[in-house]
Structures are given as structure tokens and as C-alpha cells.
Amino acid sequence: MARILDEALIYEILSVVEEIPEGKVATYGQIARLIGRERNARLVGRVMSMAEFYGSYPCHRVVNHAGRLVPGWDMQGVLLEDEGVVMKKEDYVDIKRCQWKI
DNA sequence: TACCTGACCTAAT
DNA sequence: GATTAGGCCAGGT
């Protein structure tokens, strides 16, 4: 299989993710906008799922616009709570209170 | 090769 | 405020 995604894009996304402060969360769309791909939030999510192959990044601080966590990744909620992120429900963060303001 | 699906978003109704 | 429709890109089958 050839190269999966453009590496420059991946590193741009990951460098943004790296900037998310502890106790805050960012949305896919927010990141997509920061890298100049406003409508490509899906790519951000895809990169997140492959981020582990490129290094250690706080991808648990990335959620969707509704604040829902990644389905099937229970550790994410634990990690976020440990950092002080306010949880609304079991699988939802309080995005209004904890969203990363640029 | 073609179609469907997905860690999604925004704007319009 | 909730629901619908449209858009974008890559992977998997």
C-alpha cells in the first residue's frame, strides 16, 4: 500500500493537537480550520486513529462538535477526567466549558 | 473499479 | 432548539 496520507498534513494536525492544553478539548472542525482544511474534519479523525504510528500525542483531547468521545475507547473519558475536564455524561464532555479557545 | 462507511462540520429549514 | 441536506476525503470490501 502506498503512502496513506500526506505526511505534511499529518504533522500539521499533530502539531496542533500537541498544543491543546491540559484540561481542555478541541473539536475536529476546529483543528481542520487551523490547518486550512475547514471542511475536512473527517480527515482529522482519520489521522487521529493513525496518530499512534507517528508518535505520542494527546489525541484523547479531541472530540466531535457535540463533545462525544470516541466510541469504543473507554480510556479516553478516564484520561480526560484525570486532567480535570468536566464530563457531562459517561461518553460526553462539557464542550462549552472545556473547549480550547484559540 | 465502484460503492459504502466513517473518531465530522456547517448552514439551512 | 432539533432535524435535514450537502460537502469533503480516504479506507475497506
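A, B, ... follow the sequence lines: proteins, then strands. Residue 1 opens every chain. The model shown is predicted, which means the values in this text are computed figures rather than measured ones.
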With a 3.5 Å cut-off and heavy atoms only, can you find an N or O donor on one side and an acceptor on the other between the side chain of A:R39 and the base of C:dG7?
no
Base, sugar-phosphate alone, or nothing: which one does A:G29 contact when heavy atoms must sit under 4.0 Å apart?
sugar-phosphate
Those residues of residues 93-101 of chain A lying under 4.0 Å from DNA chain C by at least one heavy atom:
none
Pick the P atom in C:dG6 and in B:dA7, then give their distance to the nearest Å.
23 Å
Counting only Watson-Crick or G-U wobble pairs whose two distances fall under 3.5 Å, which nucleotide matches B:dA7?
none
Note: A:A26 and A:W100 closest approach over all heavy atoms is CB-CE3, 4.0 Å
Where is the tightest heavy-atom contact between A:L79 and A:W73, given as atom of each residue plus distance?
CD1-CZ2, 4.5 Å
Flag, side chain of A:E22 to backbone of A:E83, donor-acceptor distance under 3.5 Å:
no
Looking only at atom types and distance, does a side-chain atom of A:E12 sit under 3.5 Å from a main-chain N or O of A:G36, one as donor and one as acceptor?
no
So, under a plain 3.5 Å distance rule, would you say the side chain of A:R46 forms a donor-acceptor pair with the base of C:dG11?
no
Write down the distance between CD1 (A:I31) and C1' (B:dA7), rounded to a whole number of angstrom.
11 Å
Between A:H65 and B:dC9, does any side-chain N or O lie under 4.0 Å from OP1 or OP2?
yes
Rounded to whole Å, please give me the gap between CE in A:M50 and C1' in B:dG6.
13 Å
Nucleotide B:dA7, atom C1' - distance to CD of A:Q30 in whole Å
16 Å
Whole-Å distance separating the NE2 atom of A:H60 from the P atom of B:dA7
19 Å
Using the C1' atom in both, what is the distance from B:dC4 to C:dC8, to the nearest Å?
15 Å
Which pair of non-hydrogen atoms, one from A:I95 and one from A:G67, has the smallest distance, and what is that distance?
CB-CA, 4.2 Å
Under 4.0 Å between any heavy atoms, over every strand shown, what does A:R37 touch: base, sugar-phosphate, or nothing? Just pick one.
nothing
In whole angstrom, give the distance that lies between atom CZ of A:R68 and atom P of B:dG6.
11 Å
Would you mind telling me which of C:dC9, B:dA7, B:dC8 lies closest to the side-chain atoms of A:N64?
B:dC8
Interatomic distance, A:R61 CZ vs B:dA7 P [rounded to whole Å]
22 Å
Tell me the interatomic distance from A:Y57, atom OH, to B:dA7, atom C1', rounded to whole angstroms.
18 Å
For atom C1', what is the distance between B:dG6 and C:dG7, given to the nearest Å?
14 Å
Taking A:V70's backbone N and O only, do any of them form a donor-acceptor pair with A:Q76's side chain (distance below 3.5 Å, no angle check)?
yes
Applying side chain to side chain contact (heavy atoms under 4.5 Å, CB included), run through A:V17 and A:M48 and close with a yes or a no.
CA-CA 9 Å; A:V17 172; A:M48 288 300 102; 3.5 Å; yes
With heavy-atom distances below 4.5 Å as the criterion, would you say the side chains of A:V47 and A:L9 are in contact?
no
Starting at atom CD of A:E38, determine the distance to atom P of B:dC9, rounded to an integer number of angstrom.
12 Å
